[in-house]
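Step one of this worksheet: look at the structure below.
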2 protein chains.
Amino acid sequence: MTAPEAPTTADELRRVGLRVTATRVALLETVRHGNHLGVEAIASGVRQRIGHVSLQAVYEALHALTAAGLVRSIEPPGSPARYEGRVGDNHHHLVCRSCGVVVDVDCAVGEAPCLTAADAHGFSVDEAQVIYWGLCPRCSAHSS
Amino acid sequence: MTAPEAPTTADELRRVGLRVTATRVALLETVRHGNHLGVEAIASGVRQRIGHVSLQAVYEALHALTAAGLVRSIEPPGSPARYEGRVGDNHHHLVCRSCGVVVDVDCAVGEAPCLTAADAHGFSVDEAQVIYWGLCPRCSAHSS
DNA sequence: CTCGTTAACTTGACTCATTCAAGTTAACGA
DNA sequence: TCGTTAACTTGAATGAGTCAAGTTAACGAG
């Protein structure tokens, strides 16, 4: 018998019930290799790999992949949506007020207590979204 | 000597260096009496109090009061900005995925540990913004 | 109290991310 | 190989929020 292979990008798409298209494969790889990219940046990454794709196709694929749980979107107030390939773990983001750069941070306290509000007021909470605002090292050096 | 008076809304505006206008007084009161109102709702609240005001004046005043720390804005992804009058304490929000209602929650763990990321990557963090997503009691009853 | 400065407001045009609509193409199960 | 329908294309539309230019009025100086 053959050794178990790592699943290809195409396999991952099939697994979640999505059709395998050049656009989606390229998009998923672009998002994974990029670093919290915006829609425009993703579109140009995809185009570099496979030629022309419409912006709408990118939006559509991003929604599909987000719904399928293969990518995750981050929407810091005041900036267009960004996407990342790191999913399934409960991690958060650090955003620079000055240059807008986004970096990942692990959960502040232990595993996933971020999911527990002090008093949920009867809500059934399924996700906690944390954004830390501040100045990145480069920008805070700049302003001092 | 007279007893110390509670500061009026006008006093509060003056204290932060803003001119006292009917628009701002009415806006501040509207936001404080309302419950995470959006811009349109604030505009109509203000109009009920003092008659006509332009939407732009509302935006402008909201920015001024936010910058001055008298009101705070909440911008859950996928919904227009909302404003609240509760400021200065480190509290967070619970948003219903279905109906969009927003309720306040206190910090998950103790006083303000929310401000501490596990590893700040050299950032100087000044604010942590937490949004819990879920279903409010009414909506979760509805869907079951 | 009057005046001048300038913050605050008004109207109206504009931007930009995202969505909607209608028609075409191509993935993939039968 | 074919038919169904998800995915893609182009193009127009939406909606929150901003920008610009001109007018009004708050308030400190005289």
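Lettering of chains follows the sequences in order, A, B, ..., and the numbering in each one begins at 1. Since the structure is predicted, the reported quantities are computational estimates derived from the model, not experimental observations.
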d([atom1], [X]; [atom2], [N]) in whole Å:
X      : N       : atom1 : atom2 : answer
Y59(B) : dA16(D) : OH    : P     : 7 Å
E40(A) : dA17(C) : CD    : C1'   : 9 Å
L65(A) : dA6(D)  : CG    : P     : 16 Å

_Side chains of H91(B) and R72(B), donor plus acceptor under 3.5 Å_ = yes
*Is R24(B) near enough to dA26(D) that one of its side-chain N or O atoms lies under 4.0 angstrom from OP1 or OP2?*
no
*Are OP1 or OP2 of dT18(D) and a side-chain N or O of H63(B) less than 4.0 angstrom apart?*
yes
*asked:* Over all strands shown, is T21(B) touching base, sugar-phosphate only, or nothing at heavy-atom distances under 4.0 angstrom?
replied: sugar-phosphate
*What does A81(B) touch in the nucleic acid at a heavy-atom separation under 4.0 angstrom: a base, only the sugar-phosphate, or nothing?*
sugar-phosphate
_Under 4.0 Å between a side-chain nitrogen and a carboxylate oxygen: does that hold for E40(B) and R47(B)?_
no
*For dT18(C), the Watson-Crick or wobble counterpart (both distances under 3.5 Å)*: dA13(D)
*According to the Watson-Crick and G-U wobble definitions, with both distances under 3.5 Å, which nucleotide is paired to dA27(C)?*
dT4(D)
*Does the base of dA8(C) carry an N or O that pairs as donor and acceptor with the side chain of R19(B) under 3.5 Å?*
no
_Within this structure, what is the CZ-OG distance for the pair R82(A) and S73(A), rounded to the nearest 0.5 Å?_
12.0 Å
_Nearest-nucleotide comparison on DNA chain D, the residue closer to the 5′ end among S79(B) and L18(B)_ = S79(B)
_Nucleotide nearest Q56(A) (side chain, heavy atoms from C-beta), chosen from dG11(D), dC9(C), dC8(D)_ = dG11(D)
*Knowing that exactly one of T21(A), V58(A), L70(A) qualifies, which makes a side-chain contact (heavy atoms from CB on, under 4.5 Å) with L27(A)?*
V58(A)
